[in-house]
There are 2 protein chains.
Amino acid sequence: MPNVFVTMRDVALASGVSTATVSRVLNDDARVKDETRVHVKAAIDKLGYKPNQVARSLKTRATKTVGVVAPELASVFFMQLSESMENELAAHGYSLIVCSSRESLEQEKKRLQLLAARLVDAVVIIPSSDRGEHFNIARGKDIPLVFIDRIALGVQADAVVSDNEGGARSATEALIADGYKRIGFLGGDLRVSIARERYEGYRKAMETAGLSLEPDFVRFGSLHIESGYKQMAEMLAKPDAPEAYFIVNADTHVGATNYLLTEGRALREKIVFASFDEMEYSPLLRFCRYSVRQPVEEMGRTAARIVLDRLKGIGGTERHTVRLATSLIRHGFDGPI
Amino acid sequence: MPNVFVTMRDVALASGVSTATVSRVLNDDARVKDETRVHVKAAIDKLGYKPNQVARSLKTRATKTVGVVAPELASVFFMQLSESMENELAAHGYSLIVCSSRESLEQEKKRLQLLAARLVDAVVIIPSSDRGEHFNIARGKDIPLVFIDRIALGVQADAVVSDNEGGARSATEALIADGYKRIGFLGGDLRVSIARERYEGYRKAMETAGLSLEPDFVRFGSLHIESGYKQMAEMLAKPDAPEAYFIVNADTHVGATNYLLTEGRALREKIVFASFDEMEYSPLLRFCRYSVRQPVEEMGRTAARIVLDRLKGIGGTERHTVRLATSLIRHGFDGPI
DNA sequence: CTGTTAGCGCCTTCAA
DNA sequence: TTGAAGGCGCTAACAG
């Protein structure tokens with residue numbers, strides 16, 4: 001087990017060299033005689049010495065940490081992202097500091113300041129809204145900033161997002177191809193980029209097919225479970241509600257399904273959903289005929305790589321937005337289950 | 001926006017005092033004249049100074065960070081824990097460094113060393129197995145260690161877990177009360193504490209009711225989706241499989257459900273599940289009659305508080321295991337849906 | 001009440 | 001190829 005109290009000085013003493021040499025060995029400096037290198041390494045092993053990252057950071061101004069901020073940690077999507085980023089970054093010695101902004105601009109600001117004070121080397125963020133001016137974290141030091149999933153305005157940054165519009169469009173088109181002409185929309189706050197883009201995809205699919213949007217059956221909520229429940233309830237309270245619906249995300253989908261299984265029973269027989277977000281449980285949800293899979297793992301990996309590149313100075317001064325393709329999954333075991 | 005390049009020295013210069021005084025103001029040291037305090041604070045604001053956490057940590061040996069290690073980040077349960085810990089800890093200025101052990105003892109060890117090198121103030125961990133000797137992180141410095149969800153052996157530590165046995169027992173009893181006499185068991189690796197305890201609960205409920213365990217229908221897998229699928233498949237391949245099953249966790253539940261909806265159709269008509277883990281989507285799963293809810297939010301909060309207490313030196317030398325009660329949820333809208 | 005001084009552990013010129 | 005010395009930004013005695 002490493003002993004945090006063993007210092008470079010101890011290693012130097014034990015191997016009869018100076019701390020400078022130990023430091024060189026640690027950092028693979030070429031100009032160290034092989035023989036001394038061996039000695040020093042032996043001492044390091046013997047003492048169980050581990051370099052103190054904090055001291056090193058103070059000197060090098062690099063902490064080998066990446067700050068990650070999300071509106072909510074407790075979301076499947078976010079955690080898959082974290083997992084894949086951690087995979088990629090840990091391999092290069094980076095750690096992840098995760099923060100929740102609780103969907104609040106104020107908290108988001110606070111967290112960013114905290115991360116700045118901790119001298120994180122980079123920040124990856126799912127912005128809580130499309131406001132982004134406060135992401136200019138620190139004057140004087142500009143660390144790489146990468147948006148993931150959602151994009152905010154008012155700041156230069158790289159971004160990794162799904163083809164939200166395309167995904168929503170193809171899901172809607174699939175419903176149309178199945179013969180549905182009236183398709184409702186359970187949506188999210190249009191100030192959030194994903195909600196806006198998915199709405200666009202739905203709208204364009206309908207328009208292209210010559211179908212009209214019915215204001216009563218196009219709604220915008222908050223991307224949460226309760227919102228899905230509420231939107232579904234409100235739609236079905238109207239006479240002559242559509243049978244097919246496009247749903248903006250997984251939580252809304254769960255909420256809507258829940259409404260149908262509890263309150264909306266009488267109406268549910270012919271209902272069909274096409275929803276964004278393919279979850280492990282999506283195929284098990286009763287009304288789910290299509291779901292749009294985002295390449296979550298790839299998104300995380302890509303963001304991590306952009307971070308690593310930027311930290312190596314690769315990528316130039318321009319910012320890039322990587323938009324990854326989604327795929328449409330068709331479910332259905334044996335008709336209504 | 002804070003500027004990381006503004007240092008204490010700049011503030012001292014600007015307000016005509018020494019850095020020591022600035023430091024005192026920052027740390028709310030009582031013995032500073034009100035007048036100077038005001039001056040210094042003004043300078044701090046004016047310059048947008050933010051203390052450099054790294055430098056501070058080097059001096060104080062406290063990083064205000066807590067390391068969190070889990071076998072897998074991408075799990076609903078873990079992310080709920082993280083959210084609730086972050087809530088509690090961030091309020092006290094602590095940040096979370098999250099690491100994935102990828103269910104590997106080797107990786108777990110590596111991560112712990114990394115965290116030790118980063119001088120985290122405490123570690124909260126979901127151990128990947130019941131092996132825990134390697135948790136004696138660093139000789140010389142023993143930082144608080146808290147197990148959460150699962151407990152490992154071979155090391156002194158506080159722990160926060162659910163009443164796994166009680167939860168499993170009451171779920172099984174509910175099935176028994178519903179009239180089922182033959183109840184199958186879809187389980188996990190018994191080397192993992194939760195799997196072991198839940199099996200105990202099931203076993204005791206059966207035993208107490210005078211019902212016998214049927215070896216063919218008591219299985220142990222890996223707590224993952226594929227494992228649930230496989231276990232269900234294997235059971236239903238036997239003649240005369242039971243109608244009721246206790247399931248060890250959410251993923252296994254999803255896997256088992258998935259099997260029934262795809263391959264096991266012919267057999268599924270009368271199947272009923274009682275499963276550990278109440279998820280947002282649990283009520284939507286077709287065979288789920290009971291689920292056991294863990295107080296996840298409270299678990300996270302409790303772990304965070306233990307950490308905070310330990311860091312304040314509260315709690316004495318004894319280690320405590322907090323075991324929180326679960327609750328049984330009954331689902332069912334209108335019979336088989 | 002405030003300033004001076006001396007490190008925390010490491011890296012990095014500059015000399016040798 | 002190696003060592004000595006200084007300093008990253010902050011805190012904590014110890015004086016005054």
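Because the structure is a prediction, the values reported are computed rather than measured. In the text below, chain A, chain B and the rest are named by the order of the sequence lines, each starting its count at 1.
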> Once you round it to whole Å, what is the distance between C1' of D:dG9 and NZ of B:Lys50?
Replying inline: 16 Å
>> Using the salt bridge (charged side-chain N to carboxylate O under 4.0 Å, His left out) criterion, which residues pair with A:Arg102? Sequence neighbours excluded.
In response: B:Glu86
Give every donor-acceptor pair under 3.5 Å between a side-chain atom in residues 311-322 of chain A and any protein atom, sequence neighbours left out.
none

> Taking the side chain of A:Ser23 as its heavy atoms from C-beta onward, which of D:dC10, C:dC11, C:dC10 lies nearest to it?
Replying inline: C:dC11
> Between D:dC10 atom P and B:Ile44 atom CD1, what is the distance in whole Å?
Replying inline: 10 Å
>> If the condition is salt bridge (charged side-chain N to carboxylate O under 4.0 Å, His left out), which residues does A:Asp309 pass it with, not counting sequence neighbours?
In response: none
> How would you label the contact of B:Val54 with the nucleic acid (heavy atoms, under 4.0 Å): base, sugar-phosphate, or nothing?
Replying inline: nothing
>> Tell me whether B:Asn27 contacts the main-chain N or O of B:Asp29 through its side chain, where contact means a donor paired with an acceptor under 3.5 Å.
In response: no
Would you list the protein and nucleotides 5-8 of chain C atom pairs, both N or O, that sit under 3.5 Å from each other?
from  : atom 1 : to      : atom 2 : distance (Å)
C:dG7 : N2     : B:Lys59 : NZ     : 2.9
C:dG7 : N3     : B:Lys59 : NZ     : 3.3

> Between A:Arg24 (CZ) and C:dT12 (P), how many Å, whole number?
Replying inline: 10 Å
>> Rounded to whole Å, please give me the gap between CG in B:Leu13 and P in D:dC10.
In response: 13 Å
>> Tell me if a side-chain donor or acceptor on A:Asp45 pairs with a main-chain N or O of A:Ala42 at a distance below 3.5 Å.
In response: no
>> Among residues at least two apart in sequence or on other chains, which ones pass side-chain contact (heavy atoms from CB on, under 4.5 Å) with A:Glu298?
In response: A:Pro295, A:Arg301, A:Thr302, A:Leu324
> Got a sec, which residues hit side-chain contact (heavy atoms from CB on, under 4.5 Å) with A:His224, two or more places apart in sequence or on another chain?
Replying inline: A:Glu72, A:Glu103, A:Ser222, A:Glu226, A:Asp251
> Contact class for A:Thr36 vs. all strands (heavy atom < 4.0 Å): base, sugar-phosphate, or nothing?
Replying inline: sugar-phosphate
> Roughly, in whole Å, what's the span from NE2 in A:His39 to C1' in D:dG3?
Replying inline: 18 Å
>> Can you list everything that forms a side-chain contact (heavy atoms from CB on, under 4.5 Å) with B:Gln53? Sequence neighbours excluded, please.
In response: A:Ala117, A:Arg118, B:Arg56, B:Ser57
> Does any residue of residues 27-35 of chain B have a heavy atom under 4.0 Å from DNA chain C, and if so, which ones, in number order?
Replying inline: B:Arg31, B:Val32, B:Lys33
>> Run the salt bridge (charged side-chain N to carboxylate O under 4.0 Å, His left out) test against B:Arg9 and tell me which residues pass, sequence neighbours left out.
In response: none
> Sequence neighbours excluded, which residues qualify as ring pair (Phe, Tyr, Trp, His ring centres under 6.0 Å) partners of B:Phe147?
Replying inline: B:Phe135
>> A:Thr36: which residues meet the side-chain contact (heavy atoms from CB on, under 4.5 Å) condition with it, sequence neighbours left out?
In response: A:Val17, A:Val32, A:Lys33
> Separation of A:Leu119 atom CG from D:dG9 atom C1', in whole Å?
Replying inline: 10 Å
>> Is B:Arg56 close enough to D:dT11 that one of its side-chain N or O atoms is under 4.0 Å from OP1 or OP2 there?
In response: yes
>> Does C:dG3 have its OP1 or OP2 closer than 4.0 Å to a side-chain nitrogen or oxygen of B:Thr21?
In response: yes
>> What's the angle between the local helix axes at either end of the helix from C:dC1-D:dG16 to C:dA16-D:dT1, using five pairs per end and rounding to 10 degrees?
In response: 40°
> Which whole-number value in Å describes the distance from B:Gln53 CD to D:dC8 C1'?
Replying inline: 15 Å
